[in-house]
2 protein chains.
Amino acid sequence: MPAKRSELATWRREQIIDSAMSVFGGKGVDAASMKDVAMAAGVTQGLLYHYFAGKEALVVAVIAERGFLPELRRLLSAAADRPASEVLPEVVAGFDKLLTARTPLLGMFLSGAHGNPKIRAGLEAVIAEGQRLLGEYLTARVAAGELHEHEPSAVAQMLLCSSLVTAVMGLSSDPRAKTSILIHGLAAT
Amino acid sequence: MPAKRSELATWRREQIIDSAMSVFGGKGVDAASMKDVAMAAGVTQGLLYHYFAGKEALVVAVIAERGFLPELRRLLSAAADRPASEVLPEVVAGFDKLLTARTPLLGMFLSGAHGNPKIRAGLEAVIAEGQRLLGEYLTARVAAGELHEHEPSAVAQMLLCSSLVTAVMGLSSDPRAKTSILIHGLAAT
DNA sequence: GCTGACTGACTAACCAGTCAATGAATAGAG
DNA sequence: CTCTATTCATTGACTGGTTAGTCAGTCAGC
C-alpha cells in the first residue's frame, strides 16, 4: 500500500479489481454483492463507488483489464511456417494453462454469459478471436502442403471449446492426445 | 388445469417446474427470484413453498426431472457394430439438437455451474456420462478394426464440449465437418 | 366435516447505491 | 522551512427497494 497519494489511487483501483474478479468468479456475479467485494478488498462499500460508477462498471473493468484477449493473441501468433504437429500441442497446452491460471475470471465469464450482455460479449470476443487466429494458422498450413483442405473453424471449435470446458469443470485435458488424433485421424490404416 | 384434486397437485407441480426452468434459464438462478417464478407460473409466492421446501429444492427438482441424462443415454446407445463414419455425425447432430431444444435448461446449468454445487454436480454428471458412453462405443470400434488405438476420452471431450459451447453461445456447429476431420485426420496424404 | 390447494399480507435480512463528515497527503504563500 | 488552504481517499450511517421464506386464513373438492 503506497504512501504517496498519486500512486495510492491506482494501486487501490487495481486491488479492488483483483478482489472483484475473485469474488465474482467464486460466487457468480449475481450472487456476489458489493459488500462481498468491499470486504474482500478490506475497504468499505462506499469506497467502491468512489472508484467505480456501480456494479456493472466494476464487471466491465474486470473484463477489460483482466481479460484473456492479450495473452490469447500472443499465444496464437503461431509461426505460420512451423508444422502443425509442433504448433498445435503447444497452443492447446498454452491455452489450457492460460485458463486454469485464471479460474476465477473463467468462472465469472461462464456464470454471467447467459444473463449479462457485457460478460457474454467478452466471452464471445475470446472465442471469436481464438477461432479466427487458429483458423488463419491452419489455412496457412494447408497452403504449405502440410494439411489437406478442411473446415478450420471446426478444428478451432473442437480444440478451444474442449479446453474451455475442461478448465471450468476441473477435468484433465490432454493436449497431445487431442492434437495427435486431429492430425492423424482415427481411421485404421 | 385439471378439476380433480388428485390430478391437480401433480399437474401444478409440473407446471411450477416448467416455469422455474424457463425463469432460471432466462435470467440465471441467482438473478431470478421466487417471485419471478411465481408470476411465470401464475400463482402466488406462497404456493411455491407448499410444493417445494425452498429455492434450492426447486433447482434440484428442475435438474432431476428435466435433466439431459435420459435423452443423452438414449442418443449414445449407439449400435456398436455400425461404423463410426455413420454413427458419430448422427450422435453429434443429435446432441446439438438436444441442447438447442432446451436452451433455458442449458443456460441454467452454465450460469450456476461455478457457484451452485448441486447444479455443478448435474453438469458433471452429463459430461461424465457422455464421455463414458461415447468412449465405450469408440473402444468397440477399435476392437472391430475400424479405428486404430487412441484416447477415447479426448475424442469425447472434443465433440461434446464443442457442442456444449456452440449451443450456449448460439454459434453454428457442423457435426459432419467435425467428425470427418476426426476420422480422416488433417494431415495431407 | 375434513383435507389440502391456494392466497395475500407479513418479516427479517439483504441488496445496490448515496452522502455528509473526516483526516491525511499535498500544493502554494510567505 | 513553516503555516495554511485545498484536495481527495476513506468511512459509516443511511435509503428505498427486493429477497427468501412464513403463516393464518379461505374455499373448493372429497
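Proteins come first, then strands; the chains are lettered A, B, ... in the order of their sequence lines, and each starts at number 1.
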Margin query: Base contacts versus sugar-phosphate-only contacts with protein, heavy atoms under 4.0 Å: please encode nucleotides 16-26 of chain C as B, S and - from 5' to 3'.
Written below: BBBB----BBS
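Other residues, nucleotides and ligands contribute at most 12 non-hydrogen atoms within 6.0 Å of the CZ atom of B:R176.
Screening A:D18, A:L105, A:V23, A:I16 against A:V62 for a side chain to side chain contact (heavy atoms under 4.5 Å, CB included) leaves a single residue, A:L105. Between B:V37 and the choices B:L58, B:V43, B:I17, the side chain to side chain contact (heavy atoms under 4.5 Å, CB included) rule is met once, by B:L58.
Distance alone, capped at 3.5 Å, is enough to place a donor-acceptor pair between the B:H150 side chain and the B:H148 backbone. Within the 3.5 Å criterion, the main-chain N or O of B:G67 finds a donor-acceptor partner in the side chain of B:R102.
Listed by residue number, there are no residues of residues 10-17 of chain B with a heavy-atom contact under 4.0 Å to DNA chain D.
Note: the hydrophobic cluster containing B:V60 does not contain B:Y51 (ILVMFWY, side chain heavy atoms under 4.5 Å, direct or indirect links). A:M21 and A:M39 fall into different hydrophobic clusters, defined by Ile, Leu, Val, Met, Phe, Trp and Tyr side-chain heavy atoms under 4.5 Å apart, directly or through other members.
A:P152 and A:L138 make their closest contact through O-CD1, 3.9 Å (heavy atoms, listed as atom of the first residue, atom of the second, distance).
Side-chain atoms of A:L8 lie closest to D:dA9 of the nucleotides D:dA9, C:dA5, C:dT7.
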Checklist line | Criterion side chain to side chain contact (heavy atoms under 4.5 Å, CB included) on B:V168 and B:L106, from CA distance to verdict | finding: CA-CA 7 Å; B:V168 174; B:L106 186 60; 3.7 Å; yes
Checklist line | Trace of the side chain to side chain donor-acceptor pair (under 3.5 Å) decision for B:K55 with B:S33 | finding: CA-CA 9 Å; B:K55 196 182 188 182; B:S33 68; over 6 Å; no
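Secondary structure note: stems in DNA chain C built from 3 or more consecutive Watson-Crick or G-U wobble pairs under 3.5 Å occupy C:1-30 with D:1-30.
A straight line from NE2 of B:H50 to C1' of D:dT26 spans 14 Å, rounded to a whole angstrom. Distance A:F52 CZ to D:dA9 C1': 14 Å, rounded to the nearest Å.
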